[in-house]
Structure formats: structure tokens, C-alpha cells
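Lettering of chains follows the sequences in order, A, B, ..., and the numbering in each one begins at 1. For clarity, every value in this text was computed on a predicted model and none was experimentally measured. All values below were derived from every heavy atom in this structure, side-chain atoms included, with hydrogens, water molecules and symmetry-related copies excluded.
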Amino acid sequence: MSAFGKIYRSQEKKFDAVVSVILGLVIWELVDSLMIRNPLVLVGPWRVAEAFMKLLSQGVLARHIYATFGEFILGYLIGVAVGIGVGILMALSRRAKEILNPWVTIWYNAPIILLAPLFITALGLGIASKIAIVFIGAVFPVLFNTYTGMTTVDGRLVEAVRAFGGTRWQIFFKVTVPGALPLVMTGLRLSVGRALVGAIVSEFFGARAGIGYLITAASEAFRTSEALVGVVLLAIGGYVTFEALKYIERKIAPWYEYKV
Amino acid sequence: MNAATKKDPLVPAWLRSSRMIAACSVIIGIVIWQLFYEGLTRTPYFREYSINHFLASPWQVVQTFGELYRSGELFRHSYFSFLEFVYGFSLAIVVGIPIGFAMAIHRKTNYYLDPWVSCIYATPTVALAPIIMVWFGLGIFPNSLVVFLGAVFPILLNTYTGIKSVRENLVNVVRAFGGSPLQVFFKVMIPDATPAIITGLRLAVGRAVISVVVAELFGSEAGLGFMVYFYSQRFLPGPVFVGIVVLVAFGILSFLALEKLQGWLSPWYTYQLQRQIHRLETE
């Protein structure tokens with residue numbers, strides 16, 4: 001027992017996480033099978049797993065995941081490239097910053113999701129309209145974080161490099177870029193969430209495939225278990241991407257102070 | 001060093017301030033949009049691609065705004081959306097802050113809740129909207145629930161980080177001078193965590209607005225999201241832009257209000273903390 005206690009204490013957080021997840025699933029299953037017992041309303045984890053296996057074996061799931069992933073990754077990559085580019089431009093040129101700032105602020109705070117129906121009218125039900133919406137969702141967090149990262153670099157570091165005779169380029173590459181990196185990475189991570197919301201909601205409006213389409217189609221037909229499969233997939237996808245980017249962030253900028 | 005501070009006798013100083021440039025930028029942008037639209041109407045593409053089905057000129061947006069305002073439609077929809085926002089957001093504050101606090105001060109609570117919180121936080125909660133409609137039907141309550149789900153996690157996580165990052169030496173000072181745990185709580189922890197909590201609220205407003213809109217798209221009889229969907233299905237882009245303008249105005253107003261609140265509650269919060277808080281905000 002003491003050996004087990006030792007292992008438990010050293011890995012307490014992980015043990016507790018596993019226990020918590022199992023407990024949660026068991027409670028959910030019990031509530032479903034003992035209290036509600038209406039598959040139209042609540043479905044337990046067991047039936048969600050069954051629905052998952054069914055969709056997987058029919059090959060439907062792969063098609064939906066593939067569609068959403070394609071929209072997501074294309075829109076996201078274009079958004080990241082444009083966001084970093086414009087962010088650097090705004091950080092380097094004061095004029096560009098003054099001209100672009102009001103527009104960027106407005107767009108960043110606007111619920112761009114509302115434009116989704118218009119994009120679908122303009123670009124059709126296919127992948128183009130979704131990429132556009134994902135792009136708009138992804139671009140602004142990256143842009144803002146790149147800009148903030150580059151303009152809030154510690155002035156003392158810049159002065160130190162200058163005092164030792166560093167050139168402008170050296171300041172840019174040795175101080176500004178590494179200093180901005182952690183915030184840029186944060187922007188990338190934040191964009192994932194917005195881009196996913198963009199992809200899903202644009203599929204709600206009209207699509208032929210995709211996880212968002214799966215969720216609406218299933219819940220309109222009261223196949224709640226299939227809709228929950230979609231939600232669980234999104235949860236796993238979002239979580240994995242989030243944690244992966246967090247890990248890369250630590251690898252790239254280990255000097256950055258994570259605790260505030 | 002840079003162009004803006006150089007003496008330029010032709011352009012007076014007030015015209016060169018960044019506020020003026022911002023205003024000019026917005027006005028010029030709108031004028032370009034209008035001219036672009038006017039130009040488009042004169043090309044054959046306008047009819048061919050039926051551009052008026054998805055694009056409106058600023059002037060048309062203003063006209064539509066007037067029409068919707070006069071018919072009372074705009075007020076009715078905005079009021080409905082506002083109610084949903086208020087219910088969902090208040091519930092998120094009432095639930096999020098205590099749970100965040102409990103997670104920060106009690107280790108076990110943190111260990112047990114953390115996997116669920118971080119997993120649901122990374123999920124786009126709007127994906128739950130169709131399922132919530134199936135469960136609870138249409139109306140204000142289920143929509144508020146979607147808003148709650150969108151808003152609660154930023155508030156919870158920022159409260160958690162805010163309390164976690166309370167400066168140790170401040171707590172020690174109060175303790176050394178014989179402060180009770182209650183005094184530590186009210187005089188140190190709450191004030192020191194306030195900027196982070198307000199940042200969480202600010203972040204939550206954005207998510208809540210998106211949740212309001214998405215929830216209304218699915219099923220509702222009123223609300224700005226409903227209005228936008230209704231008209232976009234009829235290929236009338238004007239009301240869509242009106243809806244966006246109203247929501248942007250609401251977003252900016254609540255942002256300014258929270259900034260004021262922050263200045264009022266924690267006036268010591270300065271720019272040196274900005275970067276750290278920014279980090280928090282995006283965490």
C-alpha cells in the first residue's frame with residue numbers, strides 16, 4: 001500500500017484527472033440509464049460510443065472529419081500568414097498602424113459569424129465560403145498578438161544591444177523577434193478556437209459534409225447520440241491542438257515566464 | 001525619428017493626432033466601399049453574379065437601419081438578444097468566479113475539475129447549440145444557456161489565474177502584521193486578482209455575443225441573430241450589416257465600460273502589467 005501511496009503522491013494530478021473523467025462518465029451513464037431513459041433527450045457515453053463505431057464503420061465519419069479538417073487547415077494557414085505579415089507591418093510602421101488600427105479593432109470585435117450566410121450566398125456551399133470564414137476568424141488574434149508582442153519587447157534589452165553596438169537588424173532579429181515569439185504562439189493557439197468556431201458555424205448554415213453538418217443533421221432528426229459524437233470529436237480535436245501548441249510554445253520560448 | 005513627429009507647418013497638429021488619422025481612415029474606407037459598390041453596379045458582373053444578394057453599400061445599410069428602426073423591428077430584436085446576453089452572462093459570473101476561486105485555493109478541487117474545464121474550454125461550445133435546442137426547446141432560456149456556456153470558461157480560468165498569481169509578499173506582509181485570513185482575502189487577494197478577473201469578463205463578452213447570435217440562428221422567434229438569418233435567407237444583405245453594426249457597437253461599449261470599471265476598481269494597474277495581463281487574456 002505504501003508503494004502505491006508513493007506513486008499516487010508523485011503523480012497525484014494525473015491520477016485525479018483519470019478518476020475525475022471516469023467518475024464523470026459513470027455519473028452521466030447512470031443519469032441516462034436510470035433517470036431519464038429517453039434517447040431523444042439525453043444519451044449516455046455508451047450510446048455515444050456505439051454511434052461513433054457505427055458512423056466510423058459506415059465511413060461517414062471520415063468524410064465529415066476530412067471536410068472540416070480541410071476547411072480548417074487551409075483557412076487557418078492563410079490566416080496565420082496574413083496575420084503575422086500585417087502584424088509585423090503595423091509594429092514596424094507607425095503610419096500603417098494608425099491607418100489600419102481602427103479597422104482591425106472593429107473587425108476583431110465584430111461577430112464575423114454573422115457574415116457566414118452572406119459568404120455562402122456569395123461563394124456557394126462548397127469549401128471556398130468556409131475557408132473565407134475560417135480565415136477571418138483566424139487572422140485577427142494572430143495579428144493582434146504579433147503586434148503586441150513586437151511592441152512590448154523589454155526596452156532595456158533593446159538598449160543593451162544598442163549600447164554594445166548592435167545594428168537595427170541585429171536588434172530586430174536578436175531581440176524583437178525572440179521577444180515577440182511567445183505572444184505570437186499564443187495568438188496561434190487562440191486562433192485555433194476561433195477558426196474552429198468559424199468552420200463549424202459556417203457548416204451549420206449550409207454544407208454537404210463536415211462535423212458541423214453532422215451535428216445539425218443529426219439533431220434535426222433527433223439522433224442526439226450522433227450529434228454528441230460530433231461534439232466529442234470537436235472537444236478532442238480542440239484539446240489536442242491546444243495542448244500541442246502549448247507544448248511547442250514551451251519548446252520554442254523556454255525563457256518566457258509563464259507564471260504571471 | 002519618425003514621420004509623425006516631424007514638424008510640418010502645412011498640417012496642423014490636431015490633424016496629425018492618431019485619433020484624427022483613425023477617424024479619417026474609417027471615413028475613407030467607407031467612402032471607398034461606397035464608390036466600389038457604385039462602380040460595381042455599372043459593370044455586367046453585378047447582374048451576372050447578383051452581387052446585390054450578398055453585398056450592400058454603406059448608404060443602403062444606413063437606409064435599412066432607418067427602416068428597421070422605424071418599424072420597431074430593430075428594437076424588438078435587440079431587446080430580445082440583450083436579455084439573453086444579460087441572463088447568460090450573469091449566470092456565468094455567478095458560477096465562474098466562485099469555481100475559479102475554489103480551484104485556485106483548493107488543490108483537490110483543481111485536480112478534479114481541471115480535465116473537464118480545459119477540455120470544454122477548448123471545444124467550440126456553439127457546437128452544442130443544436131443539441132441544447134433539442135433538449136430545451138426554443139426561447140430565451142436555452143439561448144441563455146448557450147451564452148452561459150460560451151462565457152463561463154474565460155471568467156473561470158481568469159479568476160483562477162488571477163488568484164493564483166496574487167503576489168506572495170503582499171500576503172506575507174498582511175500576515176506578518178497580524179491580518180486574519182478574511183483580511184488577507186478581502187484586502188489582498190480580491191484586489192490583486194481584480195484586473196485578471198475583469199480581463200476574463202472582457203474576453204467573455206466577445207464569446208457571449210457570438211453565442212447569442214449562433215443560438216438565435218437555430219431556433220428562435222426574435223433576436224438579432226434571427227433577424228440576420230431571416231433576411232439573408234431572402235437575399236437581403238442590408239439587415240445583416242445592420243445587425244453587425246449594432247453588435248460591434250455593443251461590443252465596443254461594453255469593452256469601454258469594463259475598461260472604466262477596471263480603472264475604478266484597480267487604479268494601480270499600470271502599463272507594466274499590461275503584457276502579463278495580455279498573456280492572461282489570451283491564455
Region of Val26(B) in contact with chain A, defined by heavy-atom distances below 4.5 Å: both
Side chain to side chain, Ile21(B) and Arg95(A), heavy atoms closer than 4.5 Å: yes
Validation row: Trp107(A), Val248(B) side chains within 4.5 angstrom (heavy atoms): no
Taking every non-hydrogen atom, the tightest pair across Val134(B) and Ser219(A): CG2-O, 3.4 Å
Which atoms of Val126(B) approach chain A - backbone, side chain, both or neither, heavy atom under 4.5 Å: both
Structural part of Leu236(B) lying under 4.5 Å from a heavy atom of chain A: neither
Under 4.5 Å from any heavy atom of chain A - which part of Phe241(B): side chain
Donor-acceptor contact present, side-chain Trp103(A) to main-chain Ser25(B), <3.5 Å: yes
Options Ala122(A), Pro111(A), Ala17(A), ranked by heavy-atom pairs under 4.5 Å with chain B, top entry: Ala122(A)
Chain B interface, residue from Leu115(A), Asn101(A), Ile236(A) that has the most non-hydrogen pairs under 4.5 Å: Leu115(A)
Residue pair Val19(A) / Tyr111(B), side-chain heavy-atom distance below 4.5 Å: no
Contacting region of Pro115(B) [heavy-atom separation from chain A under 4.5 Å]: side chain
OG-CZ distance between Ser118(B) and Phe242(A), expressed to the nearest 0.5 angstrom: 9.0 Å
Option that, when pairs with chain A are counted at under 4.5 Å, heavy atom only, ranks first among Leu113(B), Ile210(B), Val240(B): Val240(B)
Set of side chain to side chain donor-acceptor pair (under 3.5 Å) partners for Gln233(B), sequence neighbours left out: Tyr229(B)
Contacts of type side chain to side chain contact (heavy atoms under 4.5 Å, CB included), residue Ala104(B), not counting sequence neighbours: Tyr160(B), Ile163(B), Lys164(B)
Atom group of Arg207(B) that falls short of 4.5 Å from chain A, counting heavy atoms: neither
Interface moiety of Phe235(B) toward chain A, non-hydrogen atoms closer than 4.5 Å: side chain
